[in-house]
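Structure, as structure tokens:
As the structure is a prediction and not an experimental result, all values here were calculated from the model.
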Amino acid sequence: FPDQPLLLSTVIIGLIAVFKSYPGLGDVGLFLSLLPLFSQLLPFMKQTFVIICMLQATSVLAPISWHLWIYNNSANANYYFAINLVYSTAQIFLITDLLFGHEKRQFYLKNGFSILEKEDEEGRKPILQLK
């Protein structure tokens with residue numbers, strides 16, 4: 001991505017937020033605040049619904065499990081660790097989906113939306129034959 005320094009820096013900020021030992025809302029907040037810059041990639045992203053559901057679920061469950069672990073002593077650190085694992089997985093899915101959307105958009109800009117719209121040297125369009 002040498003021609004896309006903003007995308008590269010956003011991905012690096014996202015990777016830093018993922019691989020911190022104790023994730024916080026501020027770390028991922030900076031990454032998520034940069035995502036509207038790439039709104040043109042949204043139609044090319046595949047896993048947006050899954051990512052949004054994972055982030056919402058972990059945003060609700062993390063404070064609950066932390067409260068149960070620290071104040072009520074009715075849960076242990078494994079519950080909080082599992083929620084952090086799902087949280088980090090959602091961020092990784094978001095980063096890979098952002099990169100895949102960028103590559104897919106670049107492919108469509110270069111080759112057209114459908115490979116069947118391309119013409120060969122003689123002006124014929126390819127025909128898809130199933131055997």
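- Using modelled atom types, one side-chain atom of D97 and one backbone atom of Q47 make a donor-acceptor pair closer than 3.5 Å.
- The structure places CE of M54 at 10.0 Å from CD of Q91, a figure rounded to the nearest 0.5 Å.
- Judged by distance alone, with hydrogens and angles left aside, the side-chain atoms of N76 form a donor-acceptor pair with the main-chain N or O of N78 at under 3.5 Å.
- Here the CD1 atom belonging to I51 is positioned 7.5 Å from the CZ atom belonging to F93, to the nearest 0.5 angstrom.
- Between N84 and Y80 the shortest side-chain heavy-atom distance falls below 4.5 Å.
- Around OH of Y79, the count of heavy atoms belonging to other residues, nucleotides or ligands within 6.0 Å does not exceed 12.
- Between F31 and L94 the shortest side-chain heavy-atom distance falls below 4.5 Å.
- Counting non-hydrogen atoms of neighbouring residues, nucleotides and ligands closer than 6.0 angstrom, the CG atom of L25 reaches no more than 12 such neighbours.
- Within the structure, the salt bridge (charged side-chain N to carboxylate O under 4.0 Å, His left out) test picks out no pair touching residues 36-60 (sequence neighbours left out).
- A 4.5 Å side-chain heavy-atom check between L35 and L32 finds at least one atom pair inside the cut-off.
- Checking side-chain atoms of S9 against main-chain N and O of L6 turns up a donor-acceptor pair under 3.5 Å.
- For F44 and Y108, the ring centers sit closer than 6.0 Å to each other.
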